[in-house]
Protein chains: 2
Amino acid sequence: MSRVPAEIARLKIQCKDCTLFQLCLPVGVGAADLELLDRIIKRRRMLPRGEHLFRVGDPFNAIYAVRSGSIKTYTMVEDGRVQVTGFHLPGELLGLDAINVDRHPCSARTLEATSVCEVPFDRFEELSRQVPALARQMFRIMSKEILHDHDMLTQLGRQSSEHRLAGFLVNLSERYGARGFSRREYNLSMSRTDIGNYLGLAEETVSRLFTRFQEQGLLQVTRKHVRITDLERLHSLAGLGARGR
Amino acid sequence: MSRVPAEIARLKIQCKDCTLFQLCLPVGVGAADLELLDRIIKRRRMLPRGEHLFRVGDPFNAIYAVRSGSIKTYTMVEDGRVQVTGFHLPGELLGLDAINVDRHPCSARTLEATSVCEVPFDRFEELSRQVPALARQMFRIMSKEILHDHDMLTQLGRQSSEHRLAGFLVNLSERYGARGFSRREYNLSMSRTDIGNYLGLAEETVSRLFTRFQEQGLLQVTRKHVRITDLERLHSLAGLGARGR
DNA sequence: CGAATCCTTGAACACCTTCAACAGGGGTGG
DNA sequence: CCACCCCTGTTGAAGGTGTTCAAGGATTCG
């Protein structure tokens, strides 16, 4: 499903909010060094919905940053079924899990029309040798990713389906909020099937939970659009204090 | 429960197998630089069972590497209940999730008598400025951690309890194997309660699954000791190809 | 030896999945 | 522009899987 142009514009992220830009911004990198970084980043064309950014086993060359749109990562399990491993929103990075193994351990596919920046990793490493603050900032970004994954493990370790979905929605809320978007209102770019797959729940259960949350006055949902009316209660239902990405 | 000395000796890891040592070993760091790294690492005393290495909210000063023994990390969820977020075996690192937030987002507690190395992170960052290969290696280690977390997310996203426990056991097998221990035989240092908590299952379910796996000839388990008799089938039950930490 | 903890097993119930049918939108082609 | 079709999402009913509650056995440690 394609989005109307206005929606794409709404999702477009400023460079200063981009995770990649955090590489240079807060650590006192001089303008000259910043220019060097800017030079190695490739800006890619807009990818249409359903396009692959990379596939399992592809050689690792670059890290990608989502500029607008969204991407899901997934792997195949033995019996041929798909397992969704994550969703990536504007301002977030992909490919960090491939650095050590030199091949992408998952596939990445756009959930909507999506624009990404590409950072060739060898050139980045080389540059970070000249600009140590870059390395320092990359440590922070990777640490953030690890923290986020640990948060998700906490969510998925919980038993009840309510906890899981509430946690998922709160997590999205935090991530959108951190990028300057609304915490209370956003579009789900992924299908119910993907959400269920990610959370270890059946698609039908996800659907029923949305209905139940709505009946309980926690949120309003129409198709992909979610408006959270009681973020407080959704938080406590998730069972975790606020902890963004 | 305390271990007999022989067992502690068996778990003691050589520096060359240690994740931290990978910081210098494979990337052509000269002996002089290696000496510099060695100098900032503090070797700590043996911690008894049940001791805290750090607690939620503690200021982040250092990264820790497990030399022998094992450690669990956990957080508190809102209602006061505990959520286990990970287990750390010899040769693995703790604290990577704290770099960006400067405070530990989880508590770490020894599951048995455990010895750790402590790497003050500010001194490490400083050193990595002089020795770029160190930064490069740290990228790899953090990437490995991210990959491992993604693997665990894949495991926990699966619905059936069999998949989850099998995946957990295979994961342990891989991690022990990568450190030079047996892939088919190891001791679980964590309780059934901890395993269940981690996997989002009831303690009783874990217990029953162990019994069932044993009946199916997949493994033999007596209390903490696990001997995997059909690693092949356990792999396929886990639903993932072999993918170590 | 006794207490505490950990693990196991049993039975009832709740929750979630599965199977099935249907509704609603969006996109395509006439 | 409309009709049709396909895909996604919703809802219902039945069945299975895992939890909960409960009790008993095993191991460790004071």
Side-chain angles (χ1 to χ4, degrees), chain A residues 1-5 7 48-50 72 79 81-82 84 111-113 156-166 168-169 187-216 219-226 237, chain B residues 1-5 7 48-50 72 79 81-82 84 109 111-113 156-169 187-216 219-226 237:
Chain A
M1 145 198 5
S2 70
R3 301 172 154 283
V4 292
E7 211 160 308
R49 178 174 189 268
K72 79 168 174 187
D79 52 4
R81 290 182 45 174
V82 164
V84 175
L111 289 166
E112 57 193 314
L156 293 183
R158 314 228 54 197
Q159 297 174 180
S160 111
S161 60
E162 276 192 352
H163 281 141
R164 294 198 196 176
L165 186 61
F168 176 73
L169 293 173
N187 278 331
L188 299 166
S189 54
M190 67 293 287
S191 68
R192 304 286 194 267
T193 310
D194 282 340
I195 297 175
N197 186 303
Y198 182 54
L199 297 177
L201 300 171
E203 173 185 0
E204 295 91 331
T205 305
V206 174
S207 195
R208 275 183 253 268
L209 283 171
F210 271 123
T211 310
R212 197 193 302 171
F213 284 173
Q214 185 158 309
E215 285 166 1
Q216 293 171 346
L219 50 78
Q220 292 177 345
V221 57
T222 49
R223 204 151 174 77
K224 301 280 194 189
H225 186 77
V226 172
L237 195 58
Chain B
M1 147 197 3
S2 71
R3 302 173 152 283
V4 294
E7 210 159 311
R49 178 175 189 268
K72 79 169 173 186
D79 52 4
R81 290 181 45 174
V82 165
V84 175
R109 191 177 173 171
L111 289 166
E112 57 193 313
L156 293 183
R158 314 227 55 197
Q159 297 173 179
S160 112
S161 61
E162 275 191 352
H163 281 141
R164 293 198 196 175
L165 187 62
F168 176 74
L169 293 172
N187 278 330
L188 299 167
S189 54
M190 68 295 287
S191 67
R192 304 285 193 268
T193 310
D194 282 340
I195 297 175
N197 187 303
Y198 182 54
L199 297 178
L201 300 171
E203 173 184 2
E204 294 92 330
T205 305
V206 174
S207 195
R208 275 184 255 267
L209 283 171
F210 271 125
T211 310
R212 197 194 302 171
F213 284 173
Q214 186 159 309
E215 285 168 2
Q216 293 172 346
L219 49 79
Q220 292 177 345
V221 58
T222 50
R223 202 150 176 78
K224 300 281 195 188
H225 187 76
V226 173
L237 195 59

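Proteins come first, then strands; the chains are lettered A, B, ... in the order of their sequence lines, and each starts at number 1. Please read these numbers as outputs of a predicted model, since none were measured by experiment.
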_Testing the basics here: between A:G196 and A:V206, what is the closest heavy-atom pair and its distance to 0.1 Å?_
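Nearest heavy atoms, A:G196 then A:V206: CA-CG2, 3.6 Å.
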_What I want to check is whether an N or O donor and acceptor connect the side chain of B:R208 with the base of C:dG10 at under 3.5 Å._
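Donor-acceptor pair under 3.5 Å: yes.
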*Is there a donor N/O on one and an acceptor N/O on the other, under 3.5 Å, for the side chain of B:R49 and the base of C:dT5?*
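Check fails, no donor-acceptor contact within cut-off.
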Spacing of [X] atom [atom1] relative to [N] atom [atom2], expressed in whole Å:
| X | N | atom1 | atom2 | result |
| --- | --- | --- | --- | --- |
| A:M190 | D:dT8 | CE | P | 15 Å |
| A:R158 | C:dC16 | CZ | P | 13 Å |
| A:H225 | D:dG9 | NE2 | C1' | 17 Å |
| A:I195 | D:dT10 | CD1 | C1' | 14 Å |
| A:L188 | D:dT8 | CG | P | 15 Å |
| A:E203 | C:dC22 | CD | C1' | 14 Å |
| B:F210 | C:dT9 | CZ | P | 13 Å |
| A:H163 | C:dC15 | NE2 | P | 13 Å |

*asked:* So, using side chain to side chain donor-acceptor pair (under 3.5 Å) as the criterion, who are the partners of B:Q220 when residues are at least two apart?
replied: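 With sequence neighbours excluded, B:Q220 shows a side chain to side chain donor-acceptor pair (under 3.5 Å) to B:R227, given in chain and number order.
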_Partner set under side chain to side chain donor-acceptor pair (under 3.5 Å) for B:E203, not counting sequence neighbours_ =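 Here the qualifying residues are B:T193.
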_Sugar-phosphate, base or nothing in reach of A:S191, heavy atoms under 4.0 Å_ =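 Sugar-phosphate contact only - A:S191 comes under 4.0 Å of backbone atoms but never of a base.
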*Considering residues at least two apart in sequence or located in another chain, which fulfil the side-chain contact (heavy atoms from CB on, under 4.5 Å) criterion with A:S207?*
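Applying side-chain contact (heavy atoms from CB on, under 4.5 Å) to A:S207 gives none.
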*Which residues pass the side-chain contact (heavy atoms from CB on, under 4.5 Å) test with B:S160, sequence neighbours left out?*
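For B:S160 the side-chain contact (heavy atoms from CB on, under 4.5 Å) partners, ignoring immediate neighbours, are B:E162, B:H163.
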*Go through D:dG9, D:dT27, D:dT11 for me and flag the one nearest to the A:T211 side chain.*
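When the side chain of A:T211 is considered, D:dT11 is the closest of D:dG9, D:dT27, D:dT11.
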*asked:* Counting only side-chain heavy atoms from C-beta out, which of D:dT11, D:dG9, C:dC7 sits nearest to A:E204?
replied: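 Closest of the options to the side chain of A:E204: D:dT11.
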*asked:* With a 4.0 Å cutoff (strictly under), does any side-chain N or O of A:R192 reach OP1 or OP2 of D:dT10?
replied: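 Yes, because at least one side-chain N or O of A:R192 sits under 4.0 Å from OP1 or OP2 of D:dT10.
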*May I ask you to verify if any side-chain N or O of B:K224 is less than 4.0 angstrom from the OP1 or OP2 atom of C:dC6?*
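No, outside the criterion.
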Hey, what are the protein-to-nucleotides 15-18 of chain D N/O distances that come in under 3.5 Å?
{"from": "D:dG18", "atom 1": "OP1", "to": "B:S161", "atom 2": "N", "distance (Å)": "3.0"}
{"from": "D:dG18", "atom 1": "OP1", "to": "B:S161", "atom 2": "OG", "distance (Å)": "2.6"}

*Between CD1 of A:I195 and CZ of A:F168, what distance do you get to the nearest 0.5 Å?*
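Output value for this atom pair is 4.5 Å.
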*What distance do A:R223 atom CZ and A:L188 atom CG have between them, rounded to the nearest 0.5 Å?*
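The CG atom of A:L188 is 11.5 Å from CZ of A:R223, to the nearest 0.5 Å.
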